[in-house]
Number of protein chains: 2
Amino acid sequence: MVAKEAAGRARPGRAPAPAGRRARPRQAEVARLAGVSQATVSLVLSGRDLATGRPISAETRAKVLDAAHSLGYVPDPAASRLAAARNNLLGVFSFTATFPTDVRHSYYPFLVGVEQEAAAQGYDLVLFTGSSTGGAGAGGAGALNRVRLADGCLFLGRHAPADELRRLVADDFPVVHVGRRDEPEGLAWVGADYVSASREVVTALAALGHRRVLLVREDDDAPASTDRERGFLDGLAASGLPAGPEAVFRSGDPRRDLTADRVRAWVADGVTAFVAEETDTGAAWRALRAAVDAAGLDCPGQVSLALLGSPPADLADGPAPMGFDIPRPALGAEAVRLLAARIAGGPAEGTLVACAFRPGATAGPPPAP
Amino acid sequence: MVAKEAAGRARPGRAPAPAGRRARPRQAEVARLAGVSQATVSLVLSGRDLATGRPISAETRAKVLDAAHSLGYVPDPAASRLAAARNNLLGVFSFTATFPTDVRHSYYPFLVGVEQEAAAQGYDLVLFTGSSTGGAGAGGAGALNRVRLADGCLFLGRHAPADELRRLVADDFPVVHVGRRDEPEGLAWVGADYVSASREVVTALAALGHRRVLLVREDDDAPASTDRERGFLDGLAASGLPAGPEAVFRSGDPRRDLTADRVRAWVADGVTAFVAEETDTGAAWRALRAAVDAAGLDCPGQVSLALLGSPPADLADGPAPMGFDIPRPALGAEAVRLLAARIAGGPAEGTLVACAFRPGATAGPPPAP
DNA sequence: CGCATGAGGTAATGCGCATTAACGGCGTCG
DNA sequence: CGACGCCGTTAATGCGCATTACCTCATGCG
């Protein structure tokens, strides 16, 4: 038994609209008022007739537009999106609150660029907060799955779980990670070019006459750290300086390990310039400054210092260190561009953005021996 | 001619999906994998079976959930909304960039609260960027209409066009404005209780012994300004002080109009305390401080100063002025709560949030005559 | 004069999900 | 032992819009 009389059957589906809420006009009403079909209304209002050479007479256009205007018609975005199979939403997933209470340590500078570029590309932003549990259906495990709601998604922070990302990538869901990242094969990312920027800093020091330069870094193998080290060593090599492992001081707790004595010993040994990597906490830089101070060394005079990044906000005043600035807003904007390209079917590439060299006031020629 | 053989007709409608990208899984795929119908999937995933006593066997539930999980299924928000459900998305629409380049003058503090409360209520945030143009059909005019994609929307900033808002309100779309607002009748809002807070400041000055207090305000009739003035006058009256129009100095350009001479004249005339309103730019407060300085008056000693709000960030250091702090994060959170209530069918009310009095260090007893 | 052509429009269909009447298989009650 | 109620599931339907195959004319052309 396949067919039944329509007459005999009650109609399932949507219940009649609750009387309370007055409905907005639909294209169907506009069509009725204009004396045309709904399809025509859609064509006229979407401008598809002009764009794709779909001919609609000026007279009909006018009738439709009049009707739409007099009814105060506005399209239902949900319906448009459904029919068009996209929603013009870009996800932004960060693994901490997107709006941390402490403004300064945050993704804020990225978001400045992200918002601007997203607007320029006609996207709205959906903020997914790591903590929010998601709908009942999704379940807690695949919280990351929520992002599939958008046309594509940006990821901020180094704590993105590789396997969940891998899954998204495998499904060809458009994803862009902010920050260089190797882990899931085929992941698109945008990152700062720490290698070049660090090399440039070392080169500048060498140009000032320094012959022994030491890198102080923390004990973390994030790409951001290894890239800086590589650039540092490259720079040494390019300047004809010894670039062996003794040029790098690595410590899990610089504040403890980087003592004034140690600094004095290095200086006695011929080191004239120190370079610290920048991290979230700025631990290496803080420790370096403190140790140099404690050793009673005058900064531009007796030793030169440089920071591979920007100083933490609480050290913002005082002389700017030689180093470089990460163009975070530009990175954010680039990430959006790349994501938009991915959504449009482009390849999943990695992009490096150049950092701006900052001469600063903490480096000068080495003291005469 | 009404009916034709189905066989002879080609099928209009959506073109087949472009082969390149694998589409997100739909409920239909989940259903197939679980060996049930799409309707069952919908019931299980939405939890409607449990909630409304619609019985689904535990076994079936498990199969469906497994399938959904292994496919990485997530519901399409547009479709959910279209089907008259909800998508757990809260819109945030601001009429300037949500992430201004200058962090300090921004909606940031609101968003801190908004994000937190939204997460707590299980909503994700959609940032609608004011500048983005919206769909071609809508034209620039109905850009605000995009927000209908979400279950409801928060509006930030005083530049929300009244007529567009009116339209949303008329359609009973859940909207909450951050900041008190009269204009569209029936608009829900949350605002700071400037009236009470301002009254309290004046009362405190009166308690210190001041008998002549002057309000310096700018030339803007936003509710935020008029409320402060009202509270100021209320406070005078409540303290038995003259509350005539001569107690208010209003200027479109305080920096120009508020001269040292003028201040000296007021003081000579018996004024012992000055109160400035807070605005975006802090113009009134800046001008007042400058004029008092220029007049060579000692602040807590010869004149007392108060600020109806928080000092601008660039004046943040230095002695805190007497005044009050607007609990912006709390306001944001309250706005979300109210919006959630609206979505659930609650009334469109206005809510005032209390400000915290700040004794500060710029007010003391008036000098002995 | 007969047919191709193009202009102007319409009918039908589907997007993905929520909703609900109906259905079939049970155990039970009268 | 047939009517009935309960359960679990499904089929059918619509939300509002975009898309496209097709239809109907009026014209142009050989």
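Every chain is numbered from 1 and lettered A, B, ... according to where its sequence line falls, protein lines coming before strand lines.
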Do the side chain of [X] and the main chain of [Y] share a donor and acceptor less than 3.5 angstrom apart?
X: B:D151; Y: B:N88; answer: yes
X: B:D124; Y: B:L89; answer: no
X: B:D171; Y: B:F173; answer: no

Listed nucleotide nearest any side-chain atom of [X], set [options]:
X: B:A39; options: D:dC17, D:dT10, C:dA12; answer: D:dT10
X: A:R26; options: D:dT20, D:dC15, C:dG16; answer: D:dC15
X: B:A79; options: D:dT10, D:dT9, C:dC17; answer: C:dC17
X: B:S37; options: C:dA18, D:dG16, D:dA11; answer: D:dA11
X: A:A83; options: C:dG14, C:dT10, C:dC17; answer: C:dG14
X: A:S42; options: D:dC17, D:dT10, C:dG8; answer: D:dC17
X: B:Y73; options: C:dG9, D:dC15, C:dC17; answer: C:dC17

* Write down the atom of A:A188, the atom of A:R342, and the distance for their closest heavy-atom approach. => CB-CD, 4.3 Å
Rounded to whole Å, how long is the line connecting atom [atom1] of [X] with atom [atom2] of [N]?
X: B:E29; N: C:dG16; atom1: CD; atom2: C1'; result: 11 Å
X: A:L43; N: D:dT20; atom1: CG; atom2: C1'; result: 10 Å
X: A:E59; N: C:dG8; atom1: CD; atom2: P; result: 11 Å
X: B:N88; N: C:dA18; atom1: CG; atom2: P; result: 11 Å
X: A:L82; N: D:dC17; atom1: CG; atom2: P; result: 11 Å
X: A:K63; N: C:dG8; atom1: NZ; atom2: C1'; result: 11 Å
X: A:D76; N: D:dG14; atom1: CG; atom2: P; result: 18 Å
X: A:R32; N: D:dC17; atom1: CZ; atom2: P; result: 13 Å

* Asked: Who passes salt bridge (Lys or Arg N to Asp or Glu O under 4.0 Å) against B:D163, sequence neighbours left out?
  -> none
* Measure the angle between the two terminal helix axes of the helix from C:dC1-D:dG30 to C:dG30-D:dC1, five base pairs each, and quote it to 10°. => 70°
* In Å and rounded to the nearest 0.5 Å, what is the CG to CG distance from A:D76 to B:L149? -> 8.5 Å
* Separation of A:C153 SG from A:L339 CG (nearest 0.5 Å) -> 7.5 Å
Any side-chain N or O of [X] under 4.0 Å from OP1/OP2 of [N]?
X: A:Q38; N: D:dA18; value: no
X: B:T40; N: D:dT9; value: no
X: A:S57; N: C:dG9; value: yes
X: A:S80; N: D:dG16; value: no

* **With sequence neighbours excluded, residues passing ring-ring contact (aromatic ring centres under 6.0 Å, His included) with A:F155** => A:F93
* Nearest-nucleotide 5' precedence on DNA chain C, A:A58 against B:A78 -> A:A58
* To do: For B:V36, report the nucleic acid contact type (base, sugar-phosphate, nothing); a contact means any heavy atom under 4.0 Å.
  => sugar-phosphate
